Amino acid sequence: MTRFRFGKTGFFACLLALCSVHGALGQAVPRKPFPKEPLEKLENPPALYWQTGLSPRMISQYEAFTSHQVNVNGSGQNITGDAANEPSICVDPTNPNKMSIGWRQFNSITSNFRQAGWAYTSNRGASWRFSGVLENNVFRSDPVLNADSSGKFFYLSLLETFFDDMWRSLNGGMSWANIAPARGGDKQWFTIDNTNSTGHGFQYQYWSSDGNNYGGRQFTRSTDGGFTWLNPINIPNSPTWGTLDVDTNGNLFIAGVNQSSGQIWCIRSSNAKNGAVTPSFDESTLVNLGGDIDFDEPINPVGLVGQLYLAVDRSGGSTNNNVYMLASVQPTGFTTGTDVMFVRSTNGGRTFSASHRINDDPINHAKWHWFGALSVAPSGRLDVIWLDTRNAADNTNSQLFYSYSMDGGNTWAANVAVSNSFNPFLGYPNQNKMGDYMSIVSDNAGANVAYCATFNGEQDIYYVRVAPAPPPTDFNNDDHPDYLLFNPSTGQTAIWYLDNNVRIGSAFGSTLWSGWNVAGLADFNRDGHPDYLLLNPSTGQTAIWYLNNNVRIGSAFGPTLWSGWNAAGLADFNRDGHPDYLLFNPSTGQTAIWYLNNNVRIGSAFGPTAWAGWSLVAP
């Protein structure tokens, strides 16, 4: 072994050299200072022209996911030459067919003068009606929409003066009325207490410490449905650029980053639900998300890379009142790239878990995982969306991605791309960003997403429905597994539709080819419907019958099994979103996995050998 010896001078010279290398010896990279002025301000006059051209509305299909363009005219056509970004969505809890989306509307990309755009749907997002803006030629920004428990929609909108006002819709977003000035300031956000607490119906709002007309005071409350608002008060540690939510007891939680220190905070008020007192904040918890809130990066040059999202579990189950926080952050010690990071609290926000990285691609600090957003379903399922450059050679083109957790954030489903790739640099409205956020609202079956993309070559708003993969035997997409029956004498198949253990209907499926059996069920073409895997035991040949419920819509041959091996099951072993074959050799007990992309084998690996005398029946 060669040994090296340093004198004091040589040692310290070497140490200084090491410390000058980025991230060496754990030395912190200085945090980028936050901007000293508001992120939203009037800079250009209104554009002179609008609706100078039309083109067909965009419906962008990516595998099983359909993104519907929202900002279309009354005839359902795209308006060329304009721009729309920073969408916020609300859903009627009494009728999920009704939704509304608000956004920053730019009538021409020649001007960054923005207005409050809005659209509505009454058919679960299959088509949208863009009726215009809240007020013509009035500067508005930072749209935030929400719905109360009775189905009233609310639209909080920032004005040029850095005050904001509250609008309300009583008809599912078809029309809006300005009900009151609402205090507020730059980057405002609000939530509504829809629990059965004493604060039921209360609205809570907070905003940035910049663009602030109240000397840094950031919080207000309405106890009468948005008509009147509390004189603003201070929040400890001055959080900004985040969201807020309430637990089942009406306790209020606020997430934000301090713009001076860069520290991330969770703030709690236990008495905001008491309309007879001025709220106070009884808990302030420093949160480590594994990185810094980021802005002004190449992926979104004059905007945030992502704001902070806070959501509370109100499922009533074992995860009830868990507090979750998530953001796209730049990992500590690095100056490029962002990851979607998550933490949770199981004790009312007093402490939080270690941070967990949601994007499951290999770590690469050239990649951007941006605009991460979080929501929680009434059942307690967590849904997360973000824009992702993992598949882009230029580290720019982005896709919308999705993941979910069924166990309070302990484990997460494999990431799934849900949109086509797009260039986020197209169609800048004289302002080089796609806004600062997008939004998601969950229900028990899935989640409703509003996001900005450039599939038309310009910035437009899109709606897409995301959901966990249905059970592999859920033929009618009601989130309940069904029975598949097979008559070996006739080759006939039948489906029994179940609700738990009760048969609620049935339908005949296709009759198999002579000599073939059903070896398994999986969604091979990723259209949201289970397909038949067929096996010819005499030849080892496999085939896939693609189904839409009980109807065969196509077929393809798969690989032929090795001689002496059986098909023992199907599962996505390598987590690429495609089902794989599990093979079993009954003579030797050996197992093997064939990795598939639809019907094509792209690789294989041997698995463990079963104990002597045992058989493998399922993955």
Side-chain angles (χ1 to χ4, degrees), residues 64-65 87-101 121 124-125 145-151 153 191-197 243-251 253 255 309-327 340 342-346 353 356 358 372-386 400-416 418 437-451 463-471 474 477-481 499-500 528:
F65 301 96
S88 178
I89 187 171
C90 66
V91 182
D92 185 344
T94 70
N95 182 356
N97 290 316
K98 296 181 178 180
M99 294 181 274
S100 187
I101 295 175
T121 181
R124 288 208 172 203
L145 277 66
N146 214 323
D148 70 12
S149 59
S150 67
F153 289 179
T191 194
I192 302 174
D193 184 347
N194 287 326
T195 72
N196 293 321
S197 78
T243 70
L244 60 176
D245 201 3
V246 296
D247 68 13
T248 57
N249 301 311
N251 297 315
F253 296 86
Y309 280 82
L310 181 148
V312 180
D313 184 312
R314 294 184 291 273
S315 64
S318 61
T319 56
N320 190 57
N321 286 337
N322 280 1
V323 181
Y324 305 112
M325 289 176 60
L326 176 136
V340 181
F342 165 87
V343 294
R344 70 173 180 182
S345 173
T346 59
S353 66
H356 178 86
I358 302 297
L374 164 73
S375 66
V376 182
S379 63
R381 186 192 70 251
L382 281 72
D383 294 309
V384 174
I385 54 165
W386 67 94
L400 185 69
F401 267 72
Y402 169 62
S403 183
Y404 63 91
S405 174
M406 305 294 287
D407 57 8
N410 283 320
T411 60
W412 291 83
N415 297 176
V416 175
V418 300
Y437 53 83
M438 55 186 179
S439 66
I440 177 171
V441 175
S442 299
D443 54 46
N444 282 339
N448 304 288
V449 177
Y451 71 108
Y463 166 82
V464 66
R465 173 81 175 172
V466 297
D474 180 13
N477 280 337
D478 66 351
D479 206 30
H480 294 282
D499 183 344
N500 196 346

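It should be emphasised that the depicted structure is a prediction, and the values quoted were computed from it without experimental measurement.
For the side chain to side chain contact (heavy atoms under 4.5 Å, CB included) test, residues two or more places apart in sequence or in another chain that qualify with V441 are I89, V91. With sequence neighbours excluded, no residue forms a ring pair (Phe, Tyr, Trp, His ring centres under 6.0 Å) with Y309. Residues passing the salt bridge (charged side-chain N to carboxylate O under 4.0 Å, His left out) test with D247: none are found, sequence neighbours excluded. D92 pairs by the side chain to side chain contact (heavy atoms under 4.5 Å, CB included) definition with T94, N95, K98, F153, not counting sequence neighbours. Every residue was checked against the salt bridge (charged side-chain N to carboxylate O under 4.0 Å, His left out) condition with D313, not counting sequence neighbours, and none meets it. Every side chain to side chain contact (heavy atoms under 4.5 Å, CB included) that N444 has, sequence neighbours left out, goes to A377, P378, S379. Among residues two or more places apart in sequence or in another chain, the ring pair (Phe, Tyr, Trp, His ring centres under 6.0 Å) test is passed with Y437 by W189. With sequence neighbours excluded, no residue satisfies side chain to side chain donor-acceptor pair (under 3.5 Å) with T191. With sequence neighbours excluded, the residues that form a side chain to side chain contact (heavy atoms under 4.5 Å, CB included) with V418 are F65, L400, Y402, V416, V466. For N194, the side chain to side chain donor-acceptor pair (under 3.5 Å) test picks out no residue, with sequence neighbours left out. Taking D407 as the reference, S405, T411 meet the side chain to side chain donor-acceptor pair (under 3.5 Å) condition, with sequence neighbours excluded.
In this structure, S439 and P87 approach most closely via the heavy-atom pair OG-O, 3.4 Å. Minimum interatomic distance between A467 and G446 (heavy atoms only, all atoms of both residues): CB-CA, 3.9 Å. Across G380 and S315, no two heavy atoms sit closer than the pair N-CB, 3.6 Å. The shortest non-hydrogen separation linking M438 to A450 is CB-O, 3.3 Å.
Residues I101 and L145 have side chains not in contact (no heavy-atom distance under 4.5 Å, counting atoms from C-beta outward). The shortest side-chain heavy-atom distance between W386 and I358 falls under the 4.5 Å cut-off. Side chains of L382 and L374 form a contact here, defined as non-hydrogen atoms less than 4.5 Å apart. Inter-residue side-chain proximity for N249 and S197 is flagged as unmet; no heavy-atom pair is nearer than 4.5 Å. Within the 4.5 Å cutoff, side-chain heavy atoms of F342 are placed close to those of L326. Between T319 and M406 the shortest side-chain heavy-atom distance does not fall below 4.5 Å.
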- Message: One pair to check against side-chain hydrogen bond (donor to acceptor under 3.5 Å, both in side chains): N448 and R465. What are the steps and the verdict?
- Response: CA-CA 5 Å; N448 304 288; R465 173 81 175 172; 3.2 Å; yes
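At most 12 non-hydrogen atoms from other residues, nucleotides or ligands lie less than 6.0 angstrom from CG of N196.
Listed by first and then second residue, the salt bridge (Lys or Arg N to Asp or Glu O under 4.0 Å) pairs involving residues 373-384 are R381-D383 (not counting sequence neighbours).
To the nearest 0.5 Å, the span separating CZ on F253 from OG on S345 amounts to 7.0 Å. Of the inter-residue distances, the one linking H480 atom NE2 with D499 atom CG reads 4.0 Å to the nearest 0.5 angstrom. Note that CG of D148 and CG of D193 are 11.0 Å apart. Values are rounded to the nearest 0.5 Å.
Between the side chain of T243 and the main chain of L310, a donor-acceptor pair closer than 3.5 Å is present. Side chain of S353 to backbone of R344: a donor-acceptor contact under 3.5 angstrom is found.
For the side-chain contact (heavy atoms from CB on, under 4.5 Å) with V312, the qualifying choice from V376, D245, L244, T195 is D245, the only one to do so.
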